[in-house]
Amino acid sequence: MGDRIRLSSSLLLEQRAWQVILDREGLEWSQPQPPSARGEESFSVPTSEIIAVEETEIDEKQSNRRKWRKMSKRHAFTVYYMKRKRPHCWRCKEATFWCVDEQLCNQWIQALKELIDSQTSRPKRLLVYINPFSGKKQGQRIYEQKVAPLFSLASISTEVVVTEHANHAKDNLSEVNLANYDGIVCVGGDGMFSDVMHGLIGRTQKDSGVDQNDPTAPLVPCKTRIGIIPAGSTDCICYATVGINDPVTSALHIILGDSQPLDVSSVHRNKTFLKYFVSLLGYGFYGDVLKDSEEKRWMGSVRYDFAGFKTFLSHHYYEGTVSFLPATHTMGCPRDGRSCKTKCRVCKQSKRQLEQLQKFEKDRHGYDRRNQWHVIRGKFLAINAANMSCACPRSPKGLSPSAHLADGCADLILVHKCSRFNFLRYLIRHTNEDDQFNFTFVEVYRIRKFHFTSQQLEDSDDIHNMQKKHFGRFCSDQPTCCCTFSGSTWNCDGETLESPAIQVEVHCQLIKLFARGIEPPSKYEESPSMVQDRSYVGRL
Ligand SMILES: CCCCCCCCCCCCC/C=C/[C@@H](O)[C@H](COP(=O)(O)O)NC(C)=O
Ligand SMILES: Nc1ncnc2c1ncn2[C@@H]1O[C@H](COP(=O)(O)OP(=O)(O)O)[C@@H](O)[C@H]1O
Ligand SMILES: [Ca+2]
């Protein structure tokens, strides 16, 4: 839309006349002479929050109403826009404006359409993957009833794939023509997102000739954004990037073309790529909870409560060595209370400084005096690497409340062996305002890379080294070693991963989501209150 477009007309809304103005900034309507009893009434919707405009069909009943009979011809258009219902929760609202003649009505529709088209970050074609078995098995219903009508209102064309097996989305993404789509949408939980993300990252690396098995290879960032329609059991990734697990809100973030960069961490064992994660990589407690709950899938999301209780009672600890490279490129730290918000400055600055640091390291062939690895040997109840806060309905502040979405760091949380009572106190602090890191048995570090080796593997390595010396065999070089270990399992974004030794590296802003991070509360207060409070989709 050109700068020249500015419309200003007197139009009817809810049987009252309003002065309505449209310019590049957005749409505004106010009472020309505010009745003193009501006070001044004025409403505005920024361009970035206008969803669609449609010519309004006028039914007989409406047109026969006395008020409308005064108008020679009955022409109206409806504007659909986003409204903040409560913090982080968005809805699609509508306002119908009546015009004196057809020409004026068309002029308004045309101008609004041009304005919407000028929003180039909005997707027009989406590839949608639905896991019909996520969470309460409502994925398909949620998509068809709450999301598809909004996509069609916003003139977005979709290709929908209902998955038939695990890894279906991942396999499919290795062959589709990505140029045909402006984004990928996954309907499901964290596991479904993981499938889609692995497909997209794997595809991008393959197309760019990058070998994912090489732990030192710089990965190529993915251009296509991913949208998450939450329909899973935990929905941590959606909750921590949007602030709520609500399908309509997520659909609106997609439609309005939001973009939130996200760090992705890679997990390798020696020269073998194992997995990526964006939220949690957890060994010990969270790994055991996940492994136990996988056998109880039929229970739905309560499986986590059962498995959580059982795992808590079993109180297993695991011995091993953690070594990590602390992040020196960021001004944030895990206990500074500066949580990641929309357009986060910590993330922006960290990315810039990380690029400088990486250039410096490259010039010096990896050598940097600050690159000091820390080594901690111990008995751990839990080892958690949180790439983001990991907030979810079970823990609204998350495992690491001040972790950032896009700073190139993860927060490494080490929970040392302690009494059951103390571990319970630690867990409970995930659900209240108290600092869960304020315990002598808990350590937390902001890191770029970390390694873990279980005690059993270290011991068997010693034996193997001896064997190698005497017999020339060395089986622990293999990713799937012939030995069995009584170690824990990794919980990698809700997917189980078995490996007694891993190397993890954070890749700053490797992917982008249709989201905008956590909006500060002031945004909700700014949201316009509406004359016409009919929700288009809220009732569905
Ligand atoms: C006594 C009180 C105990 C309260 C403990 C609260 C801690 C809750 C922390 C939640 C863990 C967040 C990490 C998210 C993991 C998901 O990826 C994963 C899989 O989610 P999905 O089923 O795919 O949606 N879910 C779980 C529970 O491991
Ligand atoms: N049609 C399917 N049948 C079985 N498993 C599937 C199907 N589609 C996807 N999956 C797998 O289901 C797992 C869990 O999915 P997710 O959406 O996270 O549900 P939940 O939140 O209930 O765990 C994912 O690992 C995904 O690969
Ligand atoms: Ca991060």
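Atoms within each ligand, like the ligands themselves, are counted from 1 in listed order.
At least one N/O-N/O distance between Met192 and ligand 2 falls below 3.5 Å. At a 3.5 angstrom cut-off on N or O pairs, Thr431 does not count as close to ligand 1. In terms of polar-atom proximity, Gly188 is not counted as a contact of ligand 2, lacking any N or O under 3.5 Å from an N or O of the ligand. Remark: ligand 2 and Gly232 share no N or O pair separated by less than 3.5 Å (distance only, no angle test). Here's the thing with Gly191: one of its N/O atoms is less than 3.5 angstrom from an N/O atom of ligand 1.
Closest protein heavy atom to atom 17 (O) of ligand 2: Ser134 OG, 2.5 Å. Looking only at heavy atoms of the protein, atom 1 (N) of ligand 2 is closest to Thr163 O, 2.9 Å. Protein heavy atom in closest approach to atom 3 (N) of ligand 2: Phe133 CD1, 3.4 Å. Looking only at heavy atoms of the protein, atom 25 (O) of ligand 2 is closest to Glu495 OE2, 2.8 Å. Nearest non-hydrogen protein atom to atom 26 (C) of ligand 2 is Asp195 OD2, 3.6 Å. The protein heavy-atom contact nearest to atom 6 (C) of ligand 2 is Ala166 N, 3.6 Å. Protein heavy atom at the shortest distance from atom 9 (C) of ligand 2 is Asn131 ND2, 3.2 Å. The protein non-hydrogen atom at the shortest distance from atom 14 (C) of ligand 2 is Arg297 NH2, 3.4 Å.
Among the atoms of Met388, none of the N, O or S atoms falls under 3.0 Å from the Ca ion (ligand 3). Not a single N/O/S atom of Cys340, whether from backbone or side chain, sits less than 3.0 Å from the Ca ion (ligand 3). Taking backbone and side chain together, Cys409 holds an N, O or S atom under 3.0 Å from the Ca ion (ligand 3).
Side-chain contact of Asp214 with Thr216: a donor-acceptor pair under 3.5 Å is present, judged by distance alone. Tyr129 and Asn172 form a side-chain donor-acceptor contact under 3.5 Å, judged by distance and modelled atom types alone.
Asn491 counts as a contact of ligand 1, since one of its heavy atoms falls under 4.0 Å from the ligand. Between Glu294 and ligand 1 there is no heavy-atom distance shorter than 4.0 Å.
With Asp190 contributing its side chain and Cys236 its backbone, the two residues share a donor-acceptor pair below 3.5 Å.
Residues Asp258 and Arg225 come closest through the heavy atom pair O-NH1, 3.2 Å.
Taking the centre of each ring, Phe380 and Tyr283 stay at or above the 6.0 Å mark.
Checked against the Ca ion (ligand 3), the N, O or S atom of Asp407 at the shortest distance is OD1.
Centred on the Ca ion (ligand 3), the O atom of His404 and the OD2 atom of Asp263 lie at an angle of 110°, reported to 10°.
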